[in-house]
J.: 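Have a look at the structure that comes next, please.
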There are 2 protein chains.
Amino acid sequence: MIDSFLKCDHNGRMSGDQRREQILQTAVSLFSNRGFSGTTTKEIATASGVSEAMVFRHFASKDVLFAAILEAKMCNDGLHTFPWETNEALIAAMKVKDDFAVFYEFGKQALEKHQADIGFMRLLFYSALEEHELAERFFGEFVKKIYDFLGDYLRERQNEGAIRQMDPRIIVRSFLGMLIHHSLNNILWDKKRSILDITNDTAARSFAEMILCGASNECKQRAA
Amino acid sequence: MIDSFLKCDHNGRMSGDQRREQILQTAVSLFSNRGFSGTTTKEIATASGVSEAMVFRHFASKDVLFAAILEAKMCNDGLHTFPWETNEALIAAMKVKDDFAVFYEFGKQALEKHQADIGFMRLLFYSALEEHELAERFFGEFVKKIYDFLGDYLRERQNEGAIRQMDPRIIVRSFLGMLIHHSLNNILWDKKRSILDITNDTAARSFAEMILCGASNECKQRAA
DNA sequence: ATCCAGTGAGTAAGCACTTACTTAGTGCAG
DNA sequence: CTGCACTAAGTAAGTGCTTACTCACTGGAT
């Protein structure tokens, strides 16, 4: 149990579970860099330091390997832990109805999560383009719930007169748009941040400010 | 010249130029649906109604075919015609400094362009993930100029006191984020629009309103 | 008779996946 | 503690099929 953690030599013989996990991680990295059809089982084997046959001993087919990755990513990588379940600053901000803090905390956590798992982000996009299961499940099990959660909060604040009367889902789409597009720029289009190089904190702050002003009752910008 | 346009029968014998163009269009569709490595030359040939050999008569290799697509897309599909060069409502709005109309017209045109060429959008994303040349060129030759253009307009309006003092590139990123994320939802993640089903007009109107309120001087949302 | 769009039948390399086999670790009877 | 049966980790060398790409050839229009 304990000393299985110490076995970090990738060249030697591993236990079945260890090797399986290692092949899985290698495959995540390769799939996220080159896509499903752009990655060969030979490459996965070589990068894992084993022969191709070992890949097929642990995963019956390339498709099964991909499915195992989905399962692992959906279970481990906090897809079932939502921001409002763990982020205490966010929970506190919601209790006292500090709208700015709510959006700021939510945004910052999202941006940091994106940055921490670029591989998962890329995998998600590949999955969406190639219409693999991951994209659909991610959308159904995660994104929809975010719309519900933020939408509910906004509706509550609308009833209290704090926020302008409009479809709250449009506000959520706008805010998520800012966050995800910003991350996408950093990950995919402008890795060197030549156009805009700001910290996650500045970004979250700015986006929260803008979305709140945009949704506030005070602003008299034409609604016609 | 003229009657070459009339030859629409895909089965018969075509002129070299016609066939080349047809193979190109077929390839665009297939690459955008399955990605580069997910599409075979055989598929392209069959879908074009010719033998594989014909594909290689017109394009020396699969890579050359892809490069030809990039060239065609960059030249034809309005990558060198910017919104502010053709959209008269936008030009007029800028003259009279009707900020809402500027963002509304810009946004609506963008959303409609995205919707009209889903294939190109998908190709762009595949290119970005697979780090093909298209993504880089598109970003350098198109996106950067949009940042410059909208940024310049916003800076001007800041000097006139109409817009709050903040980095105008953050405003541009927020606005483009709303637009592109919305299109991406419709194209990639939520094709059936189960979360949010609004017209391009409603979307452009809402986003323009929100970005302007968010950037206005009036709103007193916390800046700390 | 001469272009030239178009083909059938290839080739060599690469693909996912399998087989037949070897080696290293483990428990346990003597 | 040793030796041996048993199992699990690992491989080399394939399988048949697909891939990108080639070439000698054909038939219809000018």
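All values reported here derive from a predicted model rather than from experimental measurement. Values below: all heavy atoms of this structure, side chains included; hydrogens, waters and symmetry mates excluded. Throughout, protein chains are lettered first and strands after them, A, B, ... in sequence-line order, and every chain is numbered starting at 1.
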J.: How many whole angstroms separate atom NE2 of B/H58 from atom C1' of C/dC4?
T.: 10 Å

J.: Does A/T39 reach a base, just sugar-phosphate, or nothing at all? Heavy atoms under 4.0 Å.
T.: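 Answer is sugar-phosphate: A/T39 comes under 4.0 Å of backbone atoms only.
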
J.: CD of A/Q18 versus P of C/dG25: gap in Å, rounded?
T.: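 The distance from CD of A/Q18 to P of C/dG25 comes to 13 Å, rounded to the nearest Å.
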
J.: Without placing hydrogens or testing angles, list every side-chain donor-acceptor pair under 3.5 Å for residues 25-33 of chain B, not counting sequence neighbours.
T.:
from	atom 1	to	atom 2	distance (Å)
B/Q25	NE2	B/E21	OE2	2.9
B/T26	OG1	B/Q22	O	2.8
B/T26	OG1	B/S48	OG	3.3
B/S32	OG	B/V28	O	3.4
B/S32	OG	B/S29	O	3.1
B/N33	ND2	B/S29	O	3.1

J.: May I have the distance from A/M54 (atom CE) to D/dT11 (atom C1'), rounded to whole angstrom?
T.: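 In whole Å, D/dT11 C1' lies 10 Å from A/M54 CE.
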
J.: Mind calculating the distance between CD1 (B/I23) and C1' (C/dG6) to the nearest angstrom?
T.: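 Taking atom C1' of C/dG6 as the reference, CD1 of B/I23 is at 10 Å.
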
J.: Quick check, are the ring centers of B/F66 and B/F36 under 6.0 angstrom apart?
T.: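 Ring centroids of B/F66 and B/F36 are less than 6.0 Å from each other.
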
J.: Rounded to whole angstrom units, what separation is found between the NZ atom of A/K42 and the P atom of D/dT11?
T.: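 Going from A/K42 (NZ) to D/dT11 (P), I get 12 Å.
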
J.: Show each protein N/O and nucleotides 21-25 of chain D N/O combination with a separation under 3.5 Å, one pair to a line.
T.:
from	atom 1	to	atom 2	distance (Å)
D/dC21	OP2	B/K62	N	2.7
D/dC21	N4	B/E52	OE1	3.1
D/dC21	N4	B/E52	OE2	3.4

J.: I need the CD-P distance between B/E43 and D/dT19, as an integer number of Å.
T.: 7 Å

J.: Which of parallel (below 30°), tilted (30 to 60°) and perpendicular (above 60°) describes B/W84 and B/F149?
T.: parallel

J.: Over how many whole Å does the gap from B/E21 atom CD to C/dA5 atom P extend?
T.: 15 Å

J.: Using a 4.0 Å heavy-atom cut-off across all strands, classify A/T40 as base, sugar-phosphate, or nothing.
T.: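 Here A/T40 touches the backbone only, sparing every base.
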
J.: Verify the distance criterion only: is there a donor paired with an acceptor across the side chains of B/R34 and B/Y126 at less than 3.5 Å?
T.: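 No, no side-chain donor-acceptor pair sits under 3.5 Å.
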
J.: Roughly how far apart are B/N186 CG and B/H182 NE2, rounded to 0.5 Å?
T.: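 Separation between the atoms: 4.5 Å.
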
J.: In terms of the angle between their ring planes, are B/F82 and B/F142 parallel, tilted or perpendicular, with boundaries placed at 30° and 60°?
T.: parallel

